[in-house]
Amino acid sequence: MFETYEQCIAELERNVDGKYDDFNNPIVNSTYSTIGVRTPIIKKLAKSVPVSARRDVLDGFFGDENKTYESVLFAGVLAARKSEYYSETREYLSHLVPLFGSWAHVDCVTPCLAWADKEALWDDFRYLLDSEGQYEKRFYIMIMFSCCLCDEYIDRILETLRYNVTYGQYYVDMAAAWLLAECLVKYYEKTIGLFTDAVFPKFVHNKAIQKARESYRVSAETKAYLNTLKIKRN
């Protein structure tokens with residue numbers, strides 16, 4: 001077990017892989033420097049921190065002036081890890097999410113919240129849609145994708161994507177397109193009208209159609225029809 005932030009950082013440094021860093025760095029496109037530790041190792045390390053040590057470890061992270069892509073990812077996974085104290089998880093993430101510097105921070109952390117109450121997640125992080133940062137907005141979109149995409153929430157998800165998301169930032173638009181593609185696959189009848197009416201920006205609209213057409217869960221006939229709905233205007 002690792003009970004201090006210093007121990008966790010030392011463990012990350014023991015698992016540095018220079019060749020992996022060369023491969024992963026351009027993919028994650030992080031605003032932080034990278035050192036080349038694989039994600040499964042980071043997740044395993046976060047799981048090895050006792051619940052009783054989580055606050056001290058995260059306090060150490062927040063005080064670290066030399067954060068890396070890997071240390072931010074580690075802290076995010078640790079903060080989102082299943083706990084009986086959801087209020088602490090919410091508190092940690094409210095401070096952590098603004099520090100995210102990669103789409104991968106968002107996409108690796110949000111699935112870790114699947115244990116939490118859907119309504120709490122929906123309400124407690126909705127404010128992120130009003131932030132200027134694209135990773136904050138992406139975080140909420142990916143909560144909808146990873147934790148709330150079900151019969152109970154589909155209408156609210158589609159309404160939120162239509163009326164409450166400010167588009168124009170690449171990682172926001174990509175997340176929205178990915179979520180919309182999944183809505184087309186799982187809830188076609190509820191979603192298709194948004195595409196026949198072309199309510200989303202061209203990039204989001206076309207990218208969602210592209211991703212839906214790539215799914216093996218969509219029939220050839222439906223793929224052909226979706227292709228006719230692509231926006232061709234500039």
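The shown structure was predicted, so the numbers you read here are calculated from the model rather than taken from an experiment. Side chains are part of it too, since the values below use all heavy atoms of this structure and drop only hydrogens, waters and symmetry mates.
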V204 side chain reached by Y167 side chain, heavy atoms, under 4.5 Å: yes
Minimum-distance pair of heavy atoms, taken over all atoms of V77 and A46: CG1-CB, 3.7 Å
Geometric class of the Y69/H105 ring pair [parallel <30°, tilted 30-60°, perpendicular >60°]: parallel
Main-chain N/O of I157 paired with R162 side-chain donor or acceptor, under 3.5 Å: no
Same apolar cluster (I L V M F W Y, side chains within < 4.5 Å links), V72/I41: yes
Donor + acceptor pair across side chains of Q7, E11 (<3.5 Å): no
Presence of salt bridge, R156 and E119, under 4.0 angstrom: yes
Heavy-atom side-chain proximity of E136 to V172 below 4.5 angstrom: no
Exercise: identify the closest heavy-atom pair between K202 and I231: CE-O, 3.4 Å
R217/E182 ion pair, N-O < 4.0 Å: yes
Value rounded to 0.5 Å, distance of OG1 in T110 from OH in Y140: 13.0 Å
Separation between CD of E159 and CG of L194, rounded to the nearest 0.5 Å: 11.0 Å
Flag, side chain of T191 to backbone of Y188, donor-acceptor distance under 3.5 Å: no
Nearest atoms (heavy-atom pairs only) where C8 meets F2: SG-CB, 3.8 Å
Gap separating the CD atom of Q210 from the CZ atom of F203, nearest 0.5 angstrom: 8.5 Å
Rounded distance [0.5 Å steps], CG in L184 versus CG in L229: 9.0 Å
Any residue meeting salt bridge (Lys or Arg N to Asp or Glu O under 4.0 Å) with K82, in chain and number order, not counting sequence neighbours: none
Whether W122 and Y153 hold their rings parallel, tilted or perpendicular, with breakpoints at 30° and 60°: tilted
Test item: Y92 side-chain N/O and L78 main-chain N/O as donor-acceptor pair under 3.5 Å: no
Check against salt bridge (charged side-chain N to carboxylate O under 4.0 Å, His left out), E70 and R38: CA-CA 9 Å; E70 287 82 1; R38 296 176 184 271; over 6 Å; no
Worked check of side chain to side chain donor-acceptor pair (under 3.5 Å) between R126 and T160: CA-CA 10 Å; R126 192 173 176 86; T160 298; 3.2 Å; yes
Worked check of side-chain contact (heavy atoms from CB on, under 4.5 Å) between V165 and I141: CA-CA 9 Å; V165 176; I141 294 171; 4.2 Å; yes
Short N-O contact, D173 and K207, less than 4.0 angstrom: no
Neighbour count >12 (heavy atoms, 6.0 Å) for atom NZ, K47: no
Verify same cluster id: I209, V218 (apolar side-chain graph, 4.5 Å): no
Atom of D117, atom of A120 and distance for their closest heavy-atom approach: OD2-N, 2.9 Å
Verdict with reasoning, C108 to T39, per side-chain contact (heavy atoms from CB on, under 4.5 Å): CA-CA 9 Å; C108 290; T39 300; 4.1 Å; yes
Any residue meeting salt bridge (Lys or Arg N to Asp or Glu O under 4.0 Å) with R90, in chain and number order, not counting sequence neighbours: D124
Chi angles and distances behind the side-chain contact (heavy atoms from CB on, under 4.5 Å) call for I35, V37: CA-CA 6 Å; I35 59 175; V37 182; 3.9 Å; yes
Heavy atoms from other residues, nucleotides or ligands near CD of E214 exceed 12 (cutoff 6.0 Å): yes
Parallel, tilted or perpendicular: rings of W178 and F145 (30°, 60°): tilted
Least distance between heavy atoms, A80 atom then V109 atom: CB-CG1, 3.8 Å
Heavy-atom check, side chain of W115 versus side chain of Y86, under 4.5 Å: yes
Side-chain touch V51/R81, heavy atoms, less than 4.5 angstrom: yes
Derivation of the side-chain contact (heavy atoms from CB on, under 4.5 Å) call for K211 and M174: CA-CA 10 Å; K211 288 182 173 293; M174 284 295 292; 4.1 Å; yes
Enclosure of F23 CZ (heavy-atom neighbours >12, cutoff 6.0 Å): no
F61 six-ring face occupied by K67 cation (under 6.0 Å, within 45°): yes
Non-hydrogen side-chain atoms of Y32 and S30 separated by less than 4.5 Å: yes
Contact summary for A208 and A181, nearest pair of heavy atoms: O-CB, 3.4 Å
Y127, OH atom: more than 12 neighbouring heavy atoms under 6.0 Å: yes
Pair E3 + R54: basic N to acidic O under 4.0 Å: no
Any donor-acceptor N or O pair under 3.5 Å, side chains Y5, D64: yes
Within the 6.0 Å centroid threshold, strictly below: W103 and F139: no
Name of the residue among I27, N24, V28, T68 meeting side-chain contact (heavy atoms from CB on, under 4.5 Å) with T34: V28
Verify same cluster id: V199, L158 (apolar side-chain graph, 4.5 Å): yes
Distance in Å, M142 CE paired with L149 CG, rounded so as to fall on 0.5 Å steps: 10.5 Å
Validation row: L113, L93 side chains within 4.5 angstrom (heavy atoms): yes
Side-chain donor or acceptor of S131 paired with backbone N/O of L128 under 3.5 Å: yes
Atom pair NZ/SG of K118 and C148 - distance to nearest 0.5 Å: 7.0 Å
Salt bridge (charged side-chain N to carboxylate O under 4.0 Å, His left out) between D130 and K137, intermediate numbers included: CA-CA 8 Å; D130 296 324; K137 282 181 271 193; over 6 Å; no
Under 4.5 Å side-chain linkage, directly or through intermediates, the cluster mates of Y85: none
Connected via hydrophobic side-chain network under 4.5 Å: F195 and V185: no
